[in-house]
2 protein chains.
Amino acid sequence: MKPSEGVTAEIVVQHVRSLIERGELRPGDRLPPERELAVQLGVSRPSVRAGLRSLAAIGILQTRHGAGTFITDGPPTLGSEPLSFLAALHGFTRDEMFEARRALEVGIAGLAAERATDEQIATIAEEVTGMFASLDDPQAFLIHDIRFHRAVAAASGNPILASLVEMVSALFYEQRRKTVENGRDLKQAAQAHRAIYHAIRAHDVKRARAAMSEHLSVAQQAQALENGDAAGTQVPAALPSFDAPAHRPRRPARVSVPAPASPTSAR
Amino acid sequence: MKPSEGVTAEIVVQHVRSLIERGELRPGDRLPPERELAVQLGVSRPSVRAGLRSLAAIGILQTRHGAGTFITDGPPTLGSEPLSFLAALHGFTRDEMFEARRALEVGIAGLAAERATDEQIATIAEEVTGMFASLDDPQAFLIHDIRFHRAVAAASGNPILASLVEMVSALFYEQRRKTVENGRDLKQAAQAHRAIYHAIRAHDVKRARAAMSEHLSVAQQAQALENGDAAGTQVPAALPSFDAPAHRPRRPARVSVPAPASPTSAR
DNA sequence: AAAGTCGTATGGTCAGACCATTGCTCAATC
DNA sequence: GATTGAGCAATGGTCTGACCATACGACTTT
């Protein structure tokens, strides 16, 4: 049981939860206005706002000033903030992060090799191509890197694993956007990704797992050298403005990070 | 960028974050009173409360009526609610959950086999013993089951992986508290856990991974048969009152679920 | 028909008050 | 002197009501 957290706000949370479970609220749907919810549930508007804020904090819904409150749309995701705070609070090291990511992604690579559809394989191939095409543009390369790993996660067919790895990975990419590798690393990385792709395409589970493991080991060491530290350095603890691009229902406006691209949930 | 979420509340969140990053706030510490924070940051008290509520929602801090607001103490944890809502929202199946858990725990078992200290191994052994001692008491058995997996996660030495698997596992245990297996399953499960323990004690990475994988596969099938479904059933989507026992600083009061037992962070 | 303007709906913020709980102080009591 | 109980101050929880800021559609104008 949560230590305190109030009572009336919890009514709101439970109400929204039941609406979701009963299928009356689905991703993208709009909730009733706060004032209306208040009278419906017999609580004050501040309490409604408190409950909604809790749900917004864990990524269940998003509010748009002047427009309304909406159930978060797009692929299932957990958000990187909780982990980011946890890292700041308990001093997670970058190596621990990498290790967690490797444990996840190796399993994911294996599942992807088992199940990837032709279409998913094609998507993965596209990102590999994109990598080789941007060996001279680290920023663009990074975009394809992110999307490659997303595509593999989607091909695993397991949205939970995809969400988890997305959460862990998010902390790296923000950091990597600045400290970009040199050209030689990029070519090496591209080849590593191609190897993973080939294994998945061949539905070779064992090789896919090995290739992913190898890739992440190399990447980890490369980054350690880059930052010239003794592998015990804490994670930067910043995340100035990563947060996936908000997924506004309309407005294709997309500048920096690529679209979430529906990792795995089609449902 | 978060879609909206207000601005003043975000000031509060960032302030707390910076306090944490500067080491001025550590787990267990008490924050200034809301009224004081309000004047310090030049925002109204409702805004302070809004920011604090966001942080409370992601498990960073806890409020105690009449006492104050505290940075969450105890082992790092992410909380199961976000995943629970995500499950309700996107209809995760139980098999997907099991698969995610297996991917995580197999990796964890391998790391535990590599690194487990004698003390950690002893803790694991204790839970195995407890299982065999409660073959006739499914409730007690489940407690030891939970603690066994926690102990293995702690022995992996990676608090991030421990947090992730705890988050995923939480959804099972609440369900299992009711639908308890029969005696034969219990004995089988106890033996499976013992096999994992033996592999870890022998620091046999490969065997530890294989044993964990096997154990979770069997458990998955057993649970599928129990609920007599076609493996596609959605997760129950309830979690009436799981939430780890609040970790009150004082008051050893502990009844149902076992102590968090400091998975991995000793600080 | 296109473009700009206005108005309404809706979330964001604030102020102030009062309630509920906690935990301590201090006095009464044994 | 130790214990217990009442009282009090600190602190979070809730409410009312008002006003501001934004978004989006309807309407007007060109």
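The model shown is predicted, which means the values in this text are computed figures rather than measured ones. Hydrogens, waters and symmetry mates are skipped; everything else that's a heavy atom, side chains included, is used. Here is how names work: the chains are called A, B, and so on, in the same order as the sequence lines, proteins then strands, and each is numbered from 1.
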> Test of understanding: with ring pair (Phe, Tyr, Trp, His ring centres under 6.0 Å), list the residues that count as partners of A/F148, not counting sequence neighbours.
A/H193
> Using the C1' atoms of the five pairs at each end, what is the angle between the end axes of the helix from C/dA1-D/dT30 to C/dC30-D/dG1, to 10°?
0°
> Among residues at least two apart in sequence or on other chains, which ones pass salt bridge (charged side-chain N to carboxylate O under 4.0 Å, His left out) with A/E24?
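In terms of salt bridge (charged side-chain N to carboxylate O under 4.0 Å, His left out), with neighbours along the sequence ignored, A/E24 is linked to A/R22.
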> Pick the nucleotide of DNA chain D nearest each of B/P46 and B/P32; which residue has the one closer to the 5' end?
B/P32
> Measure CD/A/E10 against P/D/dG12 and give the value in whole Å, please.
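Those two atoms, CD and P, are 19 Å apart.
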> Can you find a side chain N or O atom of A/T8 that sits less than 4.0 Å from OP1 or OP2 on D/dT14?
yes
> In whole angstrom, what separates B/Q62's CD from D/dG12's P?
14 Å
> Working note: B/E81 + A/V13, criterion side-chain contact (heavy atoms from CB on, under 4.5 Å); need CA distance, chi angles, decisive distance, verdict.
CA-CA 11 Å; B/E81 273 161 317; A/V13 172; 5.7 Å; no
> If the condition is salt bridge (charged side-chain N to carboxylate O under 4.0 Å, His left out), which residues does A/R45 pass it with, not counting sequence neighbours?
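Residues passing salt bridge (charged side-chain N to carboxylate O under 4.0 Å, His left out) with A/R45: A/E34.
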> Find the distance A/L37:CG to D/dC15:P and express it as a whole number of Å.
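Computing the A/L37:CG to D/dC15:P distance gives 14 Å.
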> Expressed as a whole number of angstroms, how long is the span from B/I11:CD1 to C/dT13:C1'?
11 Å
> Between B/S156 (side chain) and B/A153 (backbone), is there a donor-acceptor pair under 3.5 Å?
yes
> Taking B/T117's backbone N and O only, do any of them form a donor-acceptor pair with B/Q120's side chain (distance below 3.5 Å, no angle check)?
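Pair found, side chain donor or acceptor close to backbone of B/T117.
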> Determine, stepwise, if the pair B/L37 / B/T69 fulfils side-chain contact (heavy atoms from CB on, under 4.5 Å).
CA-CA 11 Å; B/L37 268 178; B/T69 305; over 6 Å; no
> Can you find a side-chain donor-acceptor pair between B/S84 and A/R17 that sits under 3.5 Å?
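Short answer, yes.
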> Write out a two-atom table: protein N or O, nucleotide N or O from nucleotides 3-10 of chain C, distance below 3.5 Å.
unit_1: C/dT10; atom_1: OP1; unit_2: A/R30; atom_2: NH2; d: 2.7

> What residues, two or more places apart in sequence or in another chain, satisfy side chain to side chain contact (heavy atoms under 4.5 Å, CB included) together with B/E99?
A/L111, A/R115, A/N158
> Ignoring hydrogens and angles, does a donor from either the side chain of B/R45 or the base of D/dG13 sit under 3.5 Å from an acceptor on the other?
yes
> Taking only side-chain nitrogens and oxygens of B/S47, does any of them come within less than 4.0 Å of OP1 or OP2 of C/dG12?
no
